[in-house]
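Report on the structure given below.
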Amino acid sequence: MHAFDGRPHTFDALTSGHADGELVLLLHGFPEFADCWTEETHALAEAGYQAVAVDQRGYSPDARPEVIEEYTIDKLIADVLGVADALGAERFHLFGHDWGGMVAWTLASAHPERLHTFSVLSTPHPQALYRALNSGGDQLERSQYVQHFPLPGHVAEQNLLAHDAAGLQAVYRGALCEQQTRSNVRRLAEGALTGKLNWYRALGEDLQVPAGEITVPTLYLWGTEDRASGREAAELTAEYVKAPYRFVPLEGAPHWLPEVSADVVNPLLLAHLAGTN
């Protein structure tokens with residue numbers, strides 16, 4: 001792991017590849033860390049890119065402000081741009097998964113001039129998700145798990161960490177290996193969990209993320225067995241991309257695409273970066 005000054009915080013990051021290669025920044029989701037991208041960073045390095053997967057705000061020990069207002073989406077975007085600036089990259093490729101995908105969609109819409117390409121795993125465009133949440137379909141039920149996260153008194157942390165973190169461990173069951181599950185649970189219990197839940201607490205009750213139209217080449221990969229994000233939001237996402245766009249449903253794949261489906265994901269990502277989709 002390396003540390004990068006993203007001012008005013010310092011971020012731990014998993015790095016791989018060539019310092020003179022085009023930069024690829026990879027943003028993890030909840031409840032994961034930068035090492036969820038291990039297979040992807042290795043593949044990017046072999047292809048000649050500089051890959052940097054960041055433990056984001058709330059996850060990196062030196063980037064954990066206590067105030068909830070320090071976790072708004074604009075600050076999460078500023079962190080990503082700060083890391084790119086620290087690496088001297090005027091433009092870069094951007095990957096996002098889960099909550100990292102939400103940050104990535106919003107960054108791509110607000111700062112297209114900073115991106116070569118944009119790739120997102122699992123996460124639909126935020127406005128597509130919002131529409132699906134309010135359409136009467138199954139997305140509202142899929143998203144019920146987030147409803148208790150904003151409760152006061154750190155109730156969510158207590159519930160997830162009770163009984164040897166049984167709640168957290170259940171999130172990963174059937175997807176991640178035992179070693180990765182133990183590592184994630186340990187790091188969350190050591191302080192990262194509150195920071196991450198503050199992302200939800202800063203969002204507001206309507207769960208709206210202010211992402212607009214996307215005008216950079218975009219690849220969206222979605223697993224048909226994703227329990228968090230349903231087909232309706234995935235298919236609506238096309239309406240928000242006004243650039244070359246490829247949507248690839250991965251039959252039988254779960255939510256945890258970076259870890260579980262890297263053998264399928266990596267060739268698609270590399271082709272997108274090379275412009276050969």
Side-chain angles (χ1 to χ4, degrees), residues 6 25-32 54 56-59 63 65 67-84 94-115 118-135 137-151 156 195-216 218-222 226-243 245 247 255 257-258:
L25 291 182
L26 303 95
L27 310 181
H28 63 80
F30 171 80
E32 297 165 289
V54 182
Q56 297 179 82
R57 183 178 292 227
Y59 289 86
V67 181
I68 291 174
E69 289 75 17
E70 288 297 310
Y71 292 86
T72 55
I73 196 76
D74 59 316
K75 291 181 170 59
L76 301 175
I77 290 172
D79 291 341
V80 180
L81 296 176
V83 171
L94 181 63
F95 292 4
H97 175 248
D98 188 80
W99 239 114
M102 288 290 189
V103 176
W105 279 113
T106 311
L107 189 157
S109 69
H111 300 282
E113 76 285 352
R114 297 298 303 267
L115 300 184
F118 172 48
S119 302
V120 62
L121 281 61
S122 304
T123 312
H125 187 284
Q127 293 306 310
L129 176 61
Y130 183 73
R131 285 170 60 188
L133 281 168
N134 293 280
S135 72
D138 67 354
Q139 186 59 56
L140 184 61
E141 182 178 353
R142 290 173 180 269
S143 300
Q144 282 295 324
Y145 69 96
V146 308
Q147 297 303 311
H148 76 290
F149 287 171
L151 294 176
K196 179 59 197 100
L197 291 173
N198 282 342
W199 289 34
Y200 290 94
R201 292 164 178 150
L203 188 56
E205 294 182 3
D206 61 3
L207 301 180
Q208 281 218 63
V209 174
E213 290 185 347
I214 306 300
T215 58
V216 295
T218 299
L219 172 67
Y220 176 28
L221 308 180
W222 169 75
D226 193 317
R227 295 182 181 180
S229 299
R231 182 174 292 275
E232 181 182 7
E235 293 182 346
L236 283 171
T237 292
E239 298 182 19
Y240 298 91
V241 184
K242 309 303 179 183
Y245 175 62
F247 170 50
H255 179 74
L257 295 181

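Side-chain atoms are counted along with the backbone in the values below, which use heavy atoms only and exclude waters and symmetry mates. Keep in mind that this is a model prediction, so the values were computed, not measured.
In terms of modelled atom types and a separation under 3.5 Å, the side chain of T218 and the main chain of I214 share no donor-acceptor contact. Not a single donor-acceptor pair under 3.5 Å links the side chain of T123 to the backbone N or O of M102. Proximity of a side-chain donor or acceptor of D226 to a complementary backbone N or O of W222 within less than 3.5 Å is not detected. Looking at Q127, its side chain does come within 3.5 Å of a backbone N or O of V209 through a donor-acceptor pair. Formation of a donor-acceptor pair under 3.5 Å by the W199 side chain with backbone atoms of R57 is found in this model. Side-chain atoms of H28 come within 3.5 Å of backbone N or O of E32 as a donor-acceptor pair.
Between Q139 and A132, the closest heavy-atom pair is CB-O, 3.7 Å. Of all non-hydrogen atoms in A211 and S109, the two that sit nearest each other are CA-OG, 3.7 Å. Closest heavy-atom contact between G101 and V120: CA-CG2, 3.9 Å. In terms of heavy atoms, L129 sits closest to A233 at CA-CB, 4.0 Å. The two residues A243 and V216 come nearest to each other via the heavy atoms CB-O, 3.4 Å. The two atoms that bring T106 and P210 nearest to each other are CG2-O, 3.7 Å, heavy atoms only.
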Going through the distances and angles, do S122 and D98 end up as a side-chain contact (heavy atoms from CB on, under 4.5 Å)?
CA-CA 6 Å; S122 304; D98 188 80; 5.7 Å; no
Please test L203 against T72 for side-chain contact (heavy atoms from CB on, under 4.5 Å), starting from the C-alpha separation and ending with a verdict.
CA-CA 7 Å; L203 188 56; T72 55; over 6 Å; no
Determine whether R131 and E239 satisfy the following criterion, side-chain contact (heavy atoms from CB on, under 4.5 Å), listing intermediate values before the conclusion.
CA-CA 12 Å; R131 285 170 60 188; E239 298 182 19; 2.9 Å; yes
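For S135 and E232, the side-chain atoms include at least one donor-acceptor pair closer than 3.5 Å.
Between the CG atom in L219 and the CZ atom in F95 there is a gap of 8.0 Å [rounded to 0.5 Å]. One finds the NZ atom of K242 at 5.0 Å from the CD atom of E213 (value rounded to the nearest 0.5 Å). Of the inter-residue distances, the one linking K75 atom NZ with I77 atom CD1 reads 11.5 Å to the nearest 0.5 angstrom. Rounding to the nearest 0.5 angstrom, the gap separating the CG atom in N198 from the CD atom in E70 is 10.5 Å.
You'll find the ring centres of Y220 and H125 outside the 6.0 Å limit. Here Y200 and F30 bring their ring centres to under 6.0 angstrom of each other. Ring centroids of W105 and F118 are separated by less than 6.0 Å, placing the two rings close together.
The closest side-chain heavy-atom distance from Q56 to L27 is below 4.5 Å. Residues Y71 and K196 fail the side-chain proximity criterion, which asks for heavy atoms closer than 4.5 Å.
None of V80, L94, L81 except one satisfies the side-chain contact (heavy atoms from CB on, under 4.5 Å) rule with R114; the exception is L81.
Comment: R201 does not engage E69 in a salt bridge, judged by the lack of any side-chain N to carboxylate O separation of less than 4.0 angstrom.
More than 12 heavy-atom neighbours from other residues, nucleotides or ligands sit within 6.0 angstrom of CD on E113.
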